[in-house]
Amino acid sequence: IEQQLLRLDGVLRVDLNYSTHRMRVAWDNDRVALSDILLRVQNTGYTAAPYDAQKFEQQAQKERKQSLIRLAVAGLGMMQTMMFAIPTYLYNDIEPQYLALLHWGALLMVLPVMFYSAVPFYRATWRDLKSRRVGMDTPVTIGILTAFFASLWALLNHIDHGVYFDSVSMFVFLLLGGRYLEGIARRKA
């Protein structure tokens with residue numbers, strides 16, 4: 001964001017604090033308008049608006065609530081997926097039809113995690129790729145999608161030892177949990 005804004009004619013200084021989600025911009029009103037600066041930020045995949053403490057707090061509360069719901073869905077999905085995975089880890093002599101049933105059950109349980117809880121990772125990766133950058137979420141998204149589709153491929157091709165839907169759900173849950181705790185620490189700081 002800083003690099004993009006500094007390329008605008010008239011922007012004198014940009015100071016972005018990622019942890020507080022605030023940015024200070026000094027610009028020359030005769031050469032660039034605030035609307036151009038906000039549009040440039042939006043073109044990088046982020047949103048910006050002049051600081052309003054009440055709006056900022058409302059948005060933060062909304063994001064916290066949504067993060068908590070995503071974390072809860074991931075936690076429930078992880079527990080339910082593990083319910084289907086544990087027998088495959090504990091018993092080596094499960095009959096093929098029952099093993100397939102366990103794997104299909106795990107697939108059904110991981111779908112909410114894949115298509116709801118992991119969406120913030122996908123969005124951030126897409127935003128980074130659109131601005132021709134690789135961020136922290138890119139390897140996370142690659143890992144989630146690779147593990148999911150490799151497990152799906154193994155399931156569809158009746159390969160019993162390559163289904164790891166439980167790992168996908170656990171990975172998403174742990175990452176979302178870490179981000180949620182980071183958000184709490186950031187607010188307190």
Side-chain angles (χ1 to χ4, degrees), residues 1-5 14-23 37-85 106-153 155 163-189:
I1 293 173
E2 288 177 349
Q3 292 172 4
Q4 290 292 323
L5 291 180
V14 179
D15 180 33
L16 177 68
N17 186 331
Y18 184 74
S19 63
T20 62
H21 294 234
R22 292 189 189 167
M23 177 174 60
I37 294 170
L38 296 175
L39 182 62
R40 181 65 65 102
V41 172
Q42 187 176 1
N43 289 340
T44 63
Y46 293 91
T47 58
Y51 182 71
D52 179 352
Q54 186 177 3
K55 262 188 191 176
F56 184 78
E57 184 56 34
Q58 287 174 347
Q59 181 65 25
Q61 281 183 343
K62 182 181 173 184
E63 289 175 7
R64 282 193 298 269
K65 183 178 179 181
Q66 191 171 33
S67 295
L68 188 59
I69 292 169
R70 287 186 195 281
L71 179 62
V73 169
L76 288 171
M78 177 192 65
M79 288 186 285
Q80 295 304 311
T81 306
M82 286 302 293
M83 180 180 71
F84 288 101
L107 170 65
L108 290 175
M109 294 299 119
V110 80
L111 290 177
V113 176
M114 287 294 299
F115 295 111
Y116 178 71
S117 295
V119 167
F121 302 117
Y122 308 149
R123 283 187 185 144
T125 298
W126 181 248
R127 181 191 63 228
D128 290 343
L129 293 176
K130 281 192 335 189
S131 56
R132 296 184 183 100
R133 296 197 180 273
V134 175
M136 288 182 355
D137 292 314
T138 305
V140 169
T141 298
I142 291 170
I144 292 168
L145 293 176
T146 301
F148 176 77
F149 285 112
S151 296
L152 183 61
W153 182 84
L155 176 61
V163 179
Y164 298 106
F165 295 122
D166 55 315
S167 299
V168 172
S169 61
M170 190 176 299
F171 185 55
V172 171
F173 173 73
L174 292 174
L175 287 171
L176 288 175
R179 283 193 179 182
Y180 188 77
L181 293 175
E182 177 190 5
I184 290 172
R186 185 183 301 139
R187 269 194 323 278
K188 286 183 180 180

Using a 4.5 Å cut-off on heavy atoms from C-beta on, say whether the side chain of Phe84 contacts that of Leu108.
no

From Met83 atom CE to Asp166 atom CG, the distance as rounded to the nearest 0.5 Å
12.5 Å

For residues Ile144 and Met114, determine if any side-chain heavy atom of one lies less than 4.5 Å from a side-chain heavy atom of the other.
yes

Supply the atom-to-atom distance Asn43 CG to Ile1 CD1, rounded to the nearest 0.5 angstrom.
11.5 Å

OG (Ser67) and NZ (Lys62) are apart, to the nearest 0.5 Å, by 12.0 Å

Between Ala74 and Leu176 the two heavy atoms that sit nearest each other are CB-CD1, 4.0 Å

Given side chains that start at C-beta, do those of Val110 and Met78 come closer than 4.5 Å, heavy atoms only?
no

Please determine whether the number of non-hydrogen atoms from other residues, nucleotides or ligands lying under 6.0 Å from atom CD of Glu57 exceeds 12.
yes

Closest non-hydrogen contact found for Val168 with Phe148 is CG2-N, 3.7 Å

Is it the case that over 12 heavy atoms from other parts of the model lie below 6.0 angstrom from the CD atom of Gln61?
yes

Check the pair Leu175 / Val140 against side-chain contact (heavy atoms from CB on, under 4.5 Å), numbers first and verdict last.
CA-CA 9 Å; Leu175 287 171; Val140 169; 3.5 Å; yes

Has the side chain of Ser117 got a donor or acceptor atom that lies under 3.5 Å from a matching backbone atom of Arg70?
yes

Taking every non-hydrogen atom, the tightest pair across Pro50 and Leu38:
CD-CD1, 4.2 Å

Side chain Thr81, main chain Ser169, donor-acceptor under 3.5 Å:
no

Is any side-chain heavy atom of Phe173 closer than 4.5 Å to a side-chain heavy atom of Leu71?
yes

So does Leu16 get a backbone contact from the side chain of Glu2, meaning a donor-acceptor N/O pair under 3.5 Å?
yes

side-chain contact (heavy atoms from CB on, under 4.5 Å) between Asp15 and Arg22, worked out
CA-CA 8 Å; Asp15 180 33; Arg22 292 189 189 167; over 6 Å; no

Leu155 vs Leu107 side-chain heavy atoms within contact, under 4.5 Å
yes

Qualifying salt bridge (Lys or Arg N to Asp or Glu O under 4.0 Å) pairs, either residue in residues 173-186, two or more places apart
Asp137-Arg179, Glu182-Arg186

Do the side chains of Val119 and Phe121 get nearer than 4.5 Å, heavy atoms only?
no

Should the pair Tyr51 and Phe56 be assigned to parallel (<30°), tilted (30 to 60°) or perpendicular (>60°) ring geometry?
tilted

Taking all heavy atoms of Tyr46 and all of Asp128, pick out the closest pair and write down the distance.
OH-OD1, 4.4 Å

Distance-only, no hydrogens or angles: does the Arg127 side chain make a donor-acceptor pair with backbone N or O of Thr44 under 3.5 Å?
no

Side chains of Phe165 and Met109: closer than 4.5 Å at any heavy-atom pair?
no

Can you check whether Gly143's main-chain N or O pairs, donor with acceptor, with Thr146's side chain at less than 3.5 Å?
no

CD1 of Ile69 to OH of Tyr116, rounded to nearest 0.5 Å, is 5.0 Å

Flag, side chain of Ser151 to backbone of Tyr164, donor-acceptor distance under 3.5 Å:
yes

Could you walk me through whether Arg64 and Gln59 pass the side chain to side chain donor-acceptor pair (under 3.5 Å) check?
CA-CA 9 Å; Arg64 282 193 298 269; Gln59 181 65 25; over 6 Å; no

